[in-house]
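Notes to accompany the following structure.
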2 protein chains.
Amino acid sequence: MNVDSIESIISKAEAMSNQHGKKLTPTRKQVLIAMLKSDKALSAYELADSVKKEFDRSIPTMSVYRILDVLMELKLVHKMSIVNKYVACSHITCDHKHSFARFLVCNNCHKVKEIMTNGSTVKILQGNIEELGFKLLNKQLELNCLCHECAG
Amino acid sequence: MNVDSIESIISKAEAMSNQHGKKLTPTRKQVLIAMLKSDKALSAYELADSVKKEFDRSIPTMSVYRILDVLMELKLVHKMSIVNKYVACSHITCDHKHSFARFLVCNNCHKVKEIMTNGSTVKILQGNIEELGFKLLNKQLELNCLCHECAG
DNA sequence: AAGATTTATGATACAGTATATCATACCATC
DNA sequence: GATGGTATGATATACTGTATCATAAATCTT
């Protein structure tokens with residue numbers, strides 16, 4: 001992620017935050033930038049380290065978790081539960097709807113590819129759920145993969 | 001899960017273990033039974049408690065994790081990463097292929113419904129993965145849901 | 001602008017999940 | 001019954017996440 005695009009992503013993120021009555025405070029911005037600069041999903045602790053390196057500023061892990069909560073609520077960040085790490089949304093600038101995203105997560109290096117899913121696939125994925133008495137909370141799929149480099 | 005079906009599941013599990021050159025030792029059997037008797041996914045620690053209650057026997061958590069590893073390798077047990085808990089496979093007795101299972105996981109009570117997915121859906125889910133240079137490791141999807149009871 | 005209210009962050013403690021490592025026991029087969 | 005492999009126990013510790021109380025910063029009200 002180069003600097004130019006990071007800046008435009010951040011300003012878009014700021015706009016989105018304001019729309020939802022939230023503020024992209026300096027601390028939140030630093031956390032988001034740290035995530036954008038990484039090509040991998042990072043744990044909350046790794047994020048705190050990244051912010052420390054990038055901005056020479058220590059943030060308590062507790063704050064990182066709180067900030068991640070806010071950023072996830074705003075759909076600016078996604079949690080990869082299969083590795084307990086967090087990744088910035090790849091589509092912040094593109095007025096996405098977050099219909100049903102698939103995440104290919106490298107089990108080894110934690111690189112993540114986010115793929116948008118089309119409407120018919122969404123229907124297939126949602127099929128049976130209501131009939132079984134379940135209610136879908138989160139339209140997000142994580143797939144356990146190996147990336148090209150790690151697959152050798 | 002009634003007792004009759006648990007017994008038949010266990011004997012099937014035993015057969016499957018032997019096929020793969022693994023043994024379903026008494027301890028592993030107890031862990032698997034505890035999982036089968038639960039209608040929810042359980043953490044390793046909860047599992048140790050269940051075995052304690054059910055069989056009046058304390059197993060160190062370390063052992064539970066090791067046993068879970070073996071049972072997962074044998075596809076007798078699945079990890080629900082979105083809640084960090086483990087659940088027995090619903091299809092042990094039915095000569096399943098584990099083509100692509102979807103798991104509906106109640107975010108509140110951790111009940112799990114395992115759904116088999118048909119071939120065409122599998123194709124859709126696997127689409128794009130290779131083109132993006134990723135290799136799928138695990139044909140398993142977890143969906144964050146609420147069950148009927150918890151949805152109110 | 002002073003005070004009151006809300007929101008964000010800091011500090012500390014601790015709970016819950018998971019692995020590393022070394023030791024011991026069990027089991028097979030020769 | 002010695003040997004080697006597999007399974008389990010014991011202990012320590014790392015990693016992930018939350019609870020709670022305190023403080024600071026922004027916002028609102030009068």
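Within every chain, numbering begins at 1; the chains are lettered A, B, ... in the order of the sequence lines, protein sequences first and strands thereafter.
- Taking a cutoff of 4.0 Å between a charged side-chain nitrogen and a carboxylate oxygen, Asp56(B) and Lys52(B) qualify as a salt bridge.
- Between Glu73(A) atom CD and dT7(C) atom P there is a gap of 12 Å when expressed in whole angstrom units.
- Residue-level contact check: Lys79(B) touches the backbone only, with heavy atoms under 4.0 Å from sugar-phosphate atoms and none from bases.
- A salt bridge links Glu149(B) to Lys111(B): one of the charged nitrogens lies within less than 4.0 Å of a carboxylate oxygen.
- No donor-acceptor contact under 3.5 Å links the side chain of Arg66(A) to the base of dG17(D).
- Taking atom NZ of Lys22(A) as the reference point, atom C1' of dA25(D) lies 17 Å away to the nearest angstrom.
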How does each nucleotide of nucleotides 24-30 of chain C score, in 5' to 3' order, for protein heavy atoms under 4.0 Å: base (B), sugar-phosphate only (S), or none (-)? -------
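- When rounded to the nearest whole Å, the span between CG of Asp69(A) and C1' of dA8(C) equals 13 Å.
- We find that NE2 of His20(A) is positioned 17 Å from P of dT7(C), with the value rounded to whole Å.
- A salt bridge does not link Lys40(B) with Glu46(B): every distance from a Lys NZ or Arg NE/NH1/NH2 to an Asp or Glu carboxylate oxygen is 4.0 Å or more.
- Side-chain atoms of Arg28(A) come within 3.5 Å of backbone atoms of Lys23(A) as a donor-acceptor pair (strictly under, hydrogens ignored).
- Of the residues in residues 42-56 of chain A, those lying under 4.0 Å from DNA chain D by heavy-atom distance are Ser43(A), Tyr45(A).
- Between Thr25(A) and the phosphate of dT9(C), there is a side-chain N or O to OP1/OP2 separation shorter than 4.0 Å.
- In this model, the phosphate group of dT8(D) is not approached by any side-chain N or O of Arg57(B) to a distance below 4.0 Å at OP1 or OP2.
- Close to dG17(D), at under 4.0 Å from its OP1 or OP2, lies a side-chain N or O of Asn84(A).
- Classification of Glu130(B) and Lys135(B) as a salt-bridged pair fails, no side-chain N sitting under 4.0 Å from a carboxylate O.
- Applying side chain to side chain contact (heavy atoms under 4.5 Å, CB included) to Val77(A) and the options Leu68(A), Leu47(A), Ile67(A) leaves one that passes, Leu68(A).
- Straight-line distance from the CE atom of Met62(B) to the P atom of dT21(C): 11 Å, rounded to whole Å.
- Between Leu68(B) atom CG and dT8(D) atom P there is a gap of 12 Å when expressed in whole angstrom units.
- To the nearest angstrom, C1' of dA20(C) lies 14 Å from OH of Tyr65(B).
- Of the charged side-chain nitrogens involved, none lies within less than 4.0 Å of a carboxylate oxygen, so that Glu142(A) and Arg102(A) do not count as a salt-bridged pair.
- Distances shown here put a side-chain N or O of Tyr86(A) below 4.0 Å from the OP1 or OP2 atom of dG17(D).
- Here the side chains of His78(B) and Tyr86(B) are not in contact, with every heavy-atom distance at 4.5 Å or above.
- Using a 4.5 Å heavy-atom threshold, the side chains of Val70(B) and Arg66(B) count as separate.
- When the P atom of dT9(C) is taken as reference, atom CG of Leu71(A) falls 10 Å away, rounded to whole Å.
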